[in-house]
Every structure is written in structure tokens, then in C-alpha cells.
Asker: 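Just passing along the structure, written as C-alpha cells.
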Amino acid sequence: MPRIVTVGAAQLGPIARAESRAQVVSRLVALMRQAKEAGCDVVVYPELALTTFFPRWYMEDQCEIDSFFEREMPSAETAPLFALAKELGIGFHLGYAELVQGGTRTRRFNTAILVDKSGAIVGKYRKVHLPGHAEHEPHRAFQHLEKRYFEVGDLGFPVWRSFGGIVGMCICNDRRWPETYRVMGLQGVELVLLGYNTPLHNPPDPGHDALGLHHNTLVMQAGAYQNGTWVVGVAKAGLEEGVMHIGQSQIISPSGETVAMCSTLGDELAVARCDLDRTVPYKSTVFNFARHRRPEHYQLISTRVGAIPPAD
Ligand code: ING
């Protein structure tokens, strides 16, 4: 019996700062209904999918900052999405800003959840690789203050048995680092779900801007192939509060091939039937970790890891 998971990559166009949670949820609901009509088992929304990408602004008022966070999930505003998922029998992945109130300590994370077809949260991930900077840098055309507004994720890179396979998550900048996929790959991941908000212009090195779309596809295709897993990357795209974000949300097979991609910068659904057994030819041959990737091989190498040879 083939293990087919039909996945909907639900790209979002810009979310205005003034857009309410209810307005955004109505967009998510429309995409979920489209996904169900297309036969999807799971619909994947972007990183921070409930609000505009607020780390682009320097803010000092904590109440203003916290207005972009969710104190509970589901919340009153997102409950309709969970209810619809249960009604339609479709799961979803959702990225959002998580505020955790614990006694005297408040913690804030860039978070993603995996929700199954019953509407139950089966997995949570908190972003580990926080890009950008922590202090106001007024010389920048726009800020990227994830290091200021979020703590580094404390849950590692877990995977879960769900949708008939082994599913993992990561968020945006995580997708650029090989360790992200490898930690999940060593746990047998077969489907990695991720969202991103990626400005076309990267202030630290504008020279990379022309390669933004290439790098986006490159890192996800490499992660898929080198770990024999499906990868689904979903953008918040378009000109959002004056900042242009890349789109090209896509679904990538374990071969490293992109099998479905969005072609607009708005709300758009790309769909693919993901046969989880297509991971087997890669996990059992070229990337058979047990046969070809022995930890002791790395003990030999590790004596030189990090030791940069002295300049002549
Ligand atoms: N955004 C970007 C990302 O990693 C970035 C940051 C942009 C890094 C361009 C490098 C180049 O896609 C988030 N939110 O991580």
C-alpha cells in the first residue's frame, strides 16, 4: 500500500501591519478549503503566518511587540482554523510568534506547529537559527531583529510519526544550515515542513540579492536529496510593508527535484502527491547512513575539525 501524502504548499502574499488576526485567518481558511478540494491531507502555511513580519521594525514598547505574539494556541482567533481542519479532515502546519507565560518568566519564540486531521497539535518546533541582529541598526533600509524579539528554540529538531510517515519541521533560516536536515535525517525523517519570510535584499551582503531565489531552492533541494526526504518550503511573499519578499514556495522530492512550485507573489496553493516510499531508494542506498556514514570515520576527521591551518 503506497504511503501517499498529498501536500498543499499554501503560500501567503503580504500581510499588512494593520491586518487583524481574523482577516488573516480568513485567508488561511480559504487556502485550507482549496487544499481540501485538491485532495490534500495536509496544508503548509508560512513562518509567522498570522502577522506581518514584525522583526523588520525596531520597537521598544513591549506591549506593541507582544501584540504580534500568540499567548495560546489555538486562540480565539485561530480556533476556526482548527475547527475547519477537524471538519474537513485535513492537517496543517502553522508558523506563529509564541509567547509563553511561566510564573515570573515570559519567553518568546518563533514557533511552528503540526496539527493532525483531528485538529490536535501533534508537534511543536521553535526556531533555532535566528538571523539578523539584536540591536537597532538605523543605517539599514529595514531591520531584521529576530535576535531581539525571540529566544533561540529549546526543543531541538524533533520528528513525529504522523500522516503515515515521519514528519519534521524547521523555520526559514534553519533551512540554510545542513545540520537542520541532518539531525532530522538521522531520525529517519521523510517529510520536512518549513515556512519562510525571505527579503529579496539582504543588507549584510547585497551582492547575494541576485542569487536569493537560487539559494532558496539550492538549500532545500540539497537538504532533501542528502537526507532522502521530501521538503516543503512555503513563503510569505510579495511587497510587505515596503519590503519585497521572495516567493517560489515549492515541494521537493527526495531526489532533490522540485515537483510543484508557486508562480505568483500572492496567496497561492501548490499541490503534490508525496509518495513517502520514494525516500527508500535514497535512504537504503546512496545515503544509507548505517553502511556508509560510520561515526568512527568522523572520529578520525574530527581531530582536524575547526583547526584552521596557520597562514604561511
Ligand atoms: N529570513 C531570511 C532567511 O534566512 C535571510 C534571512 C535573508 C538570510 C536573505 C540570508 C539571505 O531566509 C528569515 N526570517 O530567517
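We count ligands from 1, going down the list as the structure has it; atoms in each ligand are counted the same way.
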Asker: Test of understanding: clusters of I, L, V, M, F, W, Y form through side-chain heavy atoms closer than 4.5 Å, transitively. Do Tyr181 and Tyr225 belong to the same one?
Answerer: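 No, it is not one cluster - the side chains of Tyr181 and Tyr225 are not joined through contacts under 4.5 Å.
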Asker: State whether Glu98 and Arg107 are salt-bridged, where the test is any N-O pair (Lys NZ or Arg NE/NH1/NH2 against Asp/Glu carboxylate O) under 4.0 Å.
Answerer: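 Salt bridge absent between Glu98 and Arg107.
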Asker: So, are Asp154 and Arg126 salt-bridged, with charged N and O less than 4.0 Å apart?
Answerer: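 Judged by the 4.0 Å cut-off on N to carboxylate O distance, Asp154 and Arg126 do form a salt bridge.
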Asker: Who's touching ligand 1 if we go heavy atoms under 4.0 Å?
Answerer: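 Correct list: Glu47, Phe53, Lys127, Pro131, His144, Glu146, Cys172, Asn173, Arg175, Arg176, Asn197, Thr198, Asn202.
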Asker: Would you mind telling me which of Asn110, Asn173, Asp174 makes a side chain to side chain donor-acceptor pair (under 3.5 Å) with His129?
Answerer: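 Between His129 and the candidates, side chain to side chain donor-acceptor pair (under 3.5 Å) is satisfied uniquely by Asp174.
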Asker: Mark yes or no: Arg17 above the aromatic ring of Phe54, with NZ or CZ under 6.0 Å from the six-membered ring centre and no more than 45 degrees from the axis.
Answerer: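 No, a cation-pi geometry is absent between Arg17 and Phe54.
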Asker: Any Lys/Arg nitrogen of Glu47 or Lys236 sitting under 4.0 Å from an Asp/Glu carboxylate oxygen of the other?
Answerer: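 Result for this pair is no, no salt bridge flagged.
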